[in-house]
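Structure, as structure tokens:
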2 protein chains.
Amino acid sequence: MSSLKPLVQEAAPLRRKISASLREAMTNGSLPPGTRLVEKDLCQDLGVSRTALREALRELEAEGLLERGTRGVMVAGVTPDEARNVYAVRAALEGLVAEQFARQADEQDFAALEAVVAALSTAYRAEDFPAILSEKDRFYEVLCLGARNPVVHDLLTRLNSKINRLRSLSRSNTDRGPQSLREIEAIAAALRTRSPELSRAAAVAHVERAAEAALKFEDALAKPDAA
Amino acid sequence: MSSLKPLVQEAAPLRRKISASLREAMTNGSLPPGTRLVEKDLCQDLGVSRTALREALRELEAEGLLERGTRGVMVAGVTPDEARNVYAVRAALEGLVAEQFARQADEQDFAALEAVVAALSTAYRAEDFPAILSEKDRFYEVLCLGARNPVVHDLLTRLNSKINRLRSLSRSNTDRGPQSLREIEAIAAALRTRSPELSRAAAVAHVERAAEAALKFEDALAKPDAA
DNA sequence: TTGATATTATTGTCAGACAAAAGGGGAGGC
DNA sequence: GCCTCCCCTTTTGTCTGACAATAATATCAA
């Protein structure tokens, strides 16, 4: 009886769908940073009551995706400084889970790792950006699973949602796809050696390169007056 | 005109007071892990409407302090594994900000550091546990401020709120007050040398010792059947 | 005791209401 | 013309009451 599927029931409360919808709109750019969210308008657009909408807003606010203005909430932006810090934190956290994975993962975890790296490889080659992002998230999920560290997974998810827009923008505007894929394969290779030090180094290196690309891109975005 | 006080206005929305009250109840033990939160009861106890209460619940839920049961929410507990991971993450994050502080702090930041270390020293000597906890939080705030890294401050606050109960329990039941104070002074001393490596090491060491104490204590809590 | 069924309790959502505060805009003063 | 003050509108924060859906519980039958 150990091979029964978890049987996930999809009883998503309405507010969860609302927050998911808003999150999506924020990352895909239809709700750019600084946009004021007016409850009545959103209610009409989404066809829901203010009660449910406001609960969704509280969730997003607690996640840091919205910030309070003088009146109500607005879409939170990411300053270059903030982005830099987010990447620094990601480096620290991903280094940690890589280390833990190297120490604690079993064969099943490694199998999952192979699978997701393969999927990523396919997505990269197809230049399917949405797929790349979601497979990347899956990659971190597998990593944290093998590291037996759901705490980090939670934090990474939160951090990534903050810089998701930046991620997708920089990904489609820079050309480091193959580079990125190679780095990820390097992480997987390091993990297979079971060396905590090598694994950590590979993970940190990957984040640092990604940070470099994304920040260069954002700097260009932040000061278009320099043109 | 640079020395005007910020004049923090206390326009706390009701839901914020509610979530603060519940948080407090959770850390001080009057709402132990596993407790089911029944909306109607809470409304009566707090004297607020369900609307406001539910928004507060969504905030706490997003913070990870509450988890969904089959029906409604319950107070989230912290398993020993989870606690271990939280401490591992704290070590990584506090090491990072210590490094950043050593690199980027100015005289003002160092002055604030001295001040909070002095306050901590007083609190420790007086064995004033609530004061210790709040000064400790302040210590991290100063650290992150000097490190120019509000992102980490946010994450640390979140993590700490999860293990706050554990922190206060283990603090009043173990006897590592003087030890802890010495470690903190060691961090401050390392920061003064401006050496990123020394600072990181001191910060990491402190978290690791705290983890050791807290986890030993929690293990004892988790299996009282072994007696 | 077990199994099926009725009852109750509780959540998720809605609609409508209101005070309070923020914002905007125009009238009047300079 | 520009600034200030006041009024009006908009928007939020909160409350009340309602309802369907469903989980928990009690009730009854076999």
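Here is how names work: the chains are called A, B, and so on, in the same order as the sequence lines, proteins then strands, and each is numbered from 1.
- In this structure, the side chain of Thr122(B) engages the main chain of Ala118(B) through a donor-acceptor pair within 3.5 Å.
- Between Arg68(B) and dG12(C) there is a side-chain polar atom (N or O) within less than 4.0 angstrom of OP1 or OP2.
- Note: CG (Leu14(B)) to P (dT12(D)) measures 18 Å, nearest angstrom.
- Distance, Met74(B) CE to dT11(C) P: 13 Å, rounded to whole Å.
- Between Arg36(A) and Gly47(A), the residue whose closest nucleotide on DNA chain C is further toward the 5' end is Gly47(A).
- Separating the CG atom of Leu57(B) from the P atom of dT13(C) is a distance of 14 Å, rounded to the nearest angstrom.
- Protein atom CD of Glu39(A) is 4 Å distant from nucleotide atom P of dT12(D), rounded to whole Å.
- Between Arg158(B) and Glu63(B) no salt bridge is recorded (no basic side-chain N to carboxylate O distance below 4.0 Å).
- In this entry the distance linking CG of Leu53(B) with P of dG12(C) reads 11 Å, nearest Å.
- Distance, Glu61(B) CD to dT11(C) P: 12 Å, rounded to whole Å.
- For the pair Thr51(A) and Gly72(A), both in contact range of DNA chain D, the more 5′-proximal nearest nucleotide belongs to Gly72(A).
- Rounded to whole Å, atom C1' of dT10(C) lies 10 Å from atom CZ of Arg54(B).
- Considering only side-chain N and O atoms, Arg71(A) lies nowhere under 4.0 angstrom from the phosphate OP1 or OP2 of dA21(C).
- Residues Ile18(A) and Ala56(A) share a closest heavy-atom pair of CG2-CB, 3.6 Å.
- The NZ-P distance, from Lys40(B) to dG12(C), rounds to 16 Å in whole Å.
- Note on Lys40(A) versus Asp45(A): no salt bridge recorded, every NZ/NE/NH1/NH2 to OD/OE distance being 4.0 Å or above.
- Among the nucleotides dC14(C), dG12(C), dT14(D), the one closest to the side chain of Glu55(B) is dT14(D).
- The phosphate of dA24(D) (OP1 or OP2) has a side-chain N or O of Thr70(B) nearer than 4.0 angstrom.
- You'll find a donor-acceptor pair under 3.5 Å spanning the side chain of Arg50(B) and the base of dG12(C), going by distance alone.
- Nucleic acid contact for Ile18(B): none, since no nucleic acid atom lies under 4.0 Å from a heavy atom of the residue.
- Side-chain contact, Thr27(A) with Arg23(A): no donor N or O sits under 3.5 Å from an acceptor N or O.
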